[in-house]
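To keep things clear, I will list the structure first and then write my remarks on it.
Within every chain, numbering begins at 1; the chains are lettered A, B, ... in the order of the sequence lines, protein sequences first and strands thereafter. Just so we're clear, the structure is a prediction, and the values are computed from it rather than from any experiment.
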Amino acid sequence: MDVSKKSGSNQLKPHEHPAQLTRMSLNDNKAGMQGLDKEKINKIIMDNTVGSRFYKNEQKREQQVNSRIQKMKEKLNSFTSNQIMTAKQHADEILLEVENQRDLSRTIIHIDMDAFYAAVEERDRPELKQKPMAVGGMDMLSTSNYVARKYGVRAAMPGFIAKKLCPNLIIVPTNFDKYREVSKETQEIFSEYDENFCGMSLDEAFLDITDHLQKRILYDQEERTFNYHPTLAPTTTSGDANDKKTSETFAFSAEEVAKEIRFRIHQKTLLTASAGIAANTMLAKIGSDLNKPNGQTFFVPNRDEIMKFIKDFPVRKVNGIGKVTEQLFSSLGVKKCGDIYEMRAELMLLFSATSCSFFFRMCLGCSSNILEPDGERKSISTERTFSTISDCDELFAKLDELCHSLAVDMKKQNLQGKTLTLKTKNVDFQLHTRSKTINVPMTNYQTIFPVAQELLKQEILNANNKLSLRLMGVGLSKLETATTSAQTSILKFFAGNTKPQSSDKTVSPQTSCSRDHEWSDHEPCDDNHKNGDPVNQKDMKNELIQVETSKTDTETFPCPACGTEQFKTTALLNQHLDACLSSDKTFQQPEIKSSSNSTQTSTSPCKTAISNLTNSNSSVMLDETTYSCPICCASFQSSKTTLYQFNNHVDSCLSQSTIRDILKEENGEPFKKRSLANHNNNENLSKRRKLLSKGDGIEKFFVQL
DNA sequence: GCGGATCAC
DNA sequence: TATGGTGATCCGC
């Protein structure tokens, strides 16, 4: 690495000096990137960046942020002490309200696979394990293994720069089919703990295990015991190399559940995951990062403990605080979450109500604890980066290609839309969007292309016929499902009726599409049970059962073992139960890393208490699935009727005239029957879901000055 | 309704 | 040689 030679040859003009470019410097807030020689790494990055068009654009953006900071400071100086005082009072009111709404009753786990893509590649090519390796291409890396991270090589870094940082770096091309497969395996495990788990991407998911913890109290040992993969089984303490451990048993607490999930992921996929366990999504997400890789963090659901932790936690590591907000905050002296509280008056005066609401929740360690299923998707788009195109004909040819591609996706997803957006990035990396909204929804290539063509024409004119692009994209928003409203309503009707009666959740998972491109190849989206409204008596009854079980959240839970202590939440009870059980020598639950044998005995008083509970309560569990015909209300038991037979019955009911008349009246379209079996299958696919905060629905926020 | 910006993965 | 693609949201106009 002959850095000295390089630095002399750069001949920077003063205004090009890289020292101010905080945007470009290494982002080391990622696991496995501590204690690096940042200065040296940044120098290599700069040496390979300075002078490029990319760099010039980054410089420009840096300038913009700096000017925002400047304006902010001027504004700050103009505030009167009176204004500050009033703002502080207002802030305190908001903070109090957030505090009053603090809810520690739920238990959320965030699971994050360690260096996912890289780990999959290492698993399949073990020789890569000891070598610096990254997944992606010379243009861009998706992720890197921990060996490569030591060189400063990380996700979202172009491969050619990574190669400069680490000449021996092996770059493996992405193989999404493989990652999808592995992801499916992990999701099968997740759904056993929370059937409505919230998959954020191929390697990340939130689970609400509150209900699981409640059920788990009744689990016997067998249900908490999982086998080792033959090649992964450790030898026992007996010292005999052939004496392999065959299984691992997990206890009752949330931490044990996280260990169990991670254990099962490892045995099933040979990959490790990290986990965060907390009362809300923000803390759970933070937690999964803290002990990465192959570790976990548990946040005790205790207000003071959470406050103690969050006070010194860097704002940048909170989900939603990006590069720019970090810089804005930094200029105000806000670096840790606790600083937000100190600066609450100023923040109130400088940022929008939406932003402040988010900041304040953040500094109290509060966030959503509800995993909401996705709503309908709001847009669909496709874009491509290419080597510079300046020729008009070629530009339109590219547009044509993109429109065809978008049309294919729209058809797959059964979507149409009224607003078309053209996105361009010129050779100087400047982004522009131009959009047009029309009255009749665009449904296919024939309707998209003319609109897109108009927009591109305008862009070319704006550029004086000298448009040179490196990226083009087309997208559609103001979407509608391509099914007719009659179809939508009847499908909704079915969805409500045929939902398995054994479901123990009020929120039915959406069959909307994942936002992830990699996942976009499943069945068309059916947004056919949006509200999950109960439409017959059986569902009403189901609702009532749910209300009753959720009501018990406000009651206290006695320990089935000692019977003396009462707990507000099942999470706390489970925690106590673990302690209770571990003090009982005959019923010890070993930890993952512990090499001691688990004693398989059933003489423990705890065990007896638990099996008694299991027996006495088993009658409330609904195992049989019941389908009822939405037309004639006849009931069908899953044990006696196949879905196919049930479909046939519904068909025959539908063939009678009444229902068709109703449909015709609605908008004159014929009803197209959908496969209910398929529909139920879709329910089990993992989807990207929104995380709404409990009170006001604010989670994402943005700042503008 | 539009366009720019920010953020996450 | 060379710095991604998709989706969402917010803000100011």
Side-chain angles (χ1 to χ4, degrees), chain A residues 23-24 30 45 48-49 52-58 61 64-65 68 112-113 116-117 136-143 155-164 171 174 176 179 199-205 285 316 318-328 351-355 358 374-388 402 405-406 409 418-425 427 429-438 455 470-479 512-520 688-691 697-705:
Chain A
R23 292 186 62 82
M24 298 286 318
K30 200 163 177 75
I45 294 176
N48 288 281
T49 299
S52 66
R53 290 175 193 266
F54 176 79
Y55 175 78
K56 287 191 177 114
N57 185 253
E58 288 297 296
R61 296 181 62 184
Q64 284 173 14
V65 174
R68 278 173 73 178
D112 198 340
M113 300 294 291
F116 186 50
Y117 300 169
M138 274 311 228
D139 297 340
M140 189 55 66
L141 300 179
S142 292
T143 188
M157 177 182 275
F160 71 92
I161 290 193
K163 275 278 195 186
K164 298 278 160 105
I171 298 181
T174 52
F176 278 106
Y179 312 145
M200 304 296 289
S201 62
L202 291 180
D203 71 328
E204 215 179 291
K285 170 98 178 138
R316 179 62 172 94
V318 176
N319 216 271
I321 304 293
K323 215 187 289 192
V324 174
T325 314
E326 178 192 24
Q327 271 186 259
L328 296 180
F351 293 87
S352 73
T354 313
S355 300
F358 174 73
D374 242 354
E376 293 164 70
R377 78 147 73 196
K378 302 226 163 70
S379 68
I380 180 168
S381 67
T382 178
E383 69 191 59
R384 213 55 54 189
T385 294
F386 37 75
S387 49
T388 309
L402 287 164
S405 167
L406 180 64
D409 290 346
K418 289 183 176 168
T419 301
L420 190 120
T421 302
L422 171 74
K423 179 171 168 182
T424 59
K425 193 194 274 177
V427 288
F429 289 85
Q430 288 182 302
L431 265 172
H432 290 291
T433 57
R434 296 284 171 257
S435 56
K436 189 169 172 66
T437 304
I438 57 177
L455 292 171
R470 72 186 328 277
L471 171 145
M472 194 188 289
V474 286
L476 209 59
S477 49
K478 293 230 175 314
L479 297 182
S512 65
C513 301
S514 159
R515 66 169 209 163
D516 290 300
H517 183 58
E518 314 92 79
W519 293 11
S520 63
R688 161 86 181 175
R689 311 218 177 118
K690 254 190 238 165
L691 304 175
I698 294 158
E699 184 70 38
K700 301 273 170 176
F701 70 97
F702 289 96
V703 276
Q704 211 99 43
L705 282 175

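For the OP1/OP2 pair of C:dG4 and a distance below 4.0 Å, the side-chain nitrogens and oxygens of A:R384 include no atom meeting the criterion. Taking 4.0 angstrom as the limit, A:S435 places a side-chain polar atom (N or O) nearer than this to OP1 or OP2 of B:dG3. Phosphate proximity of C:dT9 to A:T354: absent, as no side-chain N or O sits under 4.0 Å from OP1 or OP2. For A:R61 and B:dT6, the shortest distance from a side-chain N or O to OP1 or OP2 is below 4.0 Å. Listed pair A:H432 / B:dG3 fails the phosphate criterion, with no side-chain N or O lying under 4.0 Å from OP1 or OP2. The shortest distance between the side-chain N/O atoms of A:K418 and the OP1/OP2 oxygens of B:dG1 is not below 4.0 Å. For the OP1/OP2 pair of C:dT9 and a distance below 4.0 Å, the side-chain nitrogens and oxygens of A:K378 include at least one atom meeting the criterion. An OP1 or OP2 oxygen of C:dG7 is reached within less than 4.0 angstrom by a side-chain nitrogen or oxygen of A:S381. For A:R68 and B:dT6, the shortest distance from a side-chain N or O to OP1 or OP2 is below 4.0 Å. Put simply, A:S52 has no side-chain N or O that comes within less than 4.0 Å of OP1 or OP2 on C:dA2. Taking only side-chain nitrogens and oxygens, A:S379 comes nearer than 4.0 Å to OP1 or OP2 of C:dA8. Phosphate proximity of B:dG1 to A:T437: absent, as no side-chain N or O sits under 4.0 Å from OP1 or OP2.
The distance from atom OG1 of A:T143 to atom CE of A:M113, rounded to the nearest 0.5 Å, is 12.0 Å. Distance check: A:R68 CZ to A:L328 CG gives 5.0 Å after rounding to the nearest 0.5 Å.
Checking B:dT6, B:dG4, C:dA8 against every side-chain atom of A:T433, the shortest atom distance belongs to B:dG4. With distances taken from any side-chain atom of A:E204 to the nucleotides C:dG4, B:dC9, B:dG1, the minimum falls on B:dC9. Closest contact between the side chain of A:T325 and the listed nucleotides B:dT6, C:dG4, B:dC9 involves B:dT6. The side chain of A:K423 lies closest to C:dT6 when the candidates are C:dG4, C:dT6, B:dC9. Among C:dA2, B:dT6, C:dG7, the nucleotide with an atom closest to any side-chain atom of A:V324 is B:dT6.
In this entry the distance linking CE of A:M157 with P of C:dG4 reads 14 Å, nearest Å. Across the protein-nucleic acid pair, A:K323 atom NZ and B:dA8 atom C1' stand 13 Å apart, rounded to whole Å. When rounded to the nearest whole Å, the span between CD of A:E58 and C1' of B:dA5 equals 13 Å. Between A:M200 atom CE and C:dG7 atom C1' the separation is 12 Å, expressed in whole Å. Note: CD1 (A:I380) to P (C:dT6) measures 10 Å, nearest angstrom. To the nearest angstrom, C1' of B:dC7 lies 13 Å from CD of A:E326. The distance between atom OH of A:Y179 and atom P of B:dC9, rounded to the nearest whole Å, is 19 Å. In this structure, the CZ atom of A:F429 is 16 Å from the P atom of B:dA5, given to the nearest Å.
Using a 4.0 Å heavy-atom cutoff across all strands shown, A:K425 reaches sugar-phosphate atoms only and no base atom.
Applying the side-chain contact (heavy atoms from CB on, under 4.5 Å) criterion to A:S381, with sequence neighbours excluded, gives no partner residue.
For A:K478, the NZ atom counts as loosely surrounded, since its 6.0 Å shell holds 12 or fewer non-hydrogen atoms of other residues, nucleotides or ligands.
Pairing each heavy atom of A:S477 with each of A:S379, the nearest pair is CB-CB, 4.1 Å. Minimum interatomic distance between A:L141 and A:P158 (heavy atoms only, all atoms of both residues): CG-C, 4.4 Å.
Looking at which nucleotide of DNA chain C each of A:F54 and A:T382 is closest to, the 5′-most match is held by A:F54. With the nearest nucleotide of DNA chain B identified for both A:K285 and A:Q64, A:Q64 has the one nearer the 5' end.
A:F54 and A:F429 have perpendicular rings, their planes meeting at more than 60° on a 0 to 90° scale where under 30° would count as parallel.
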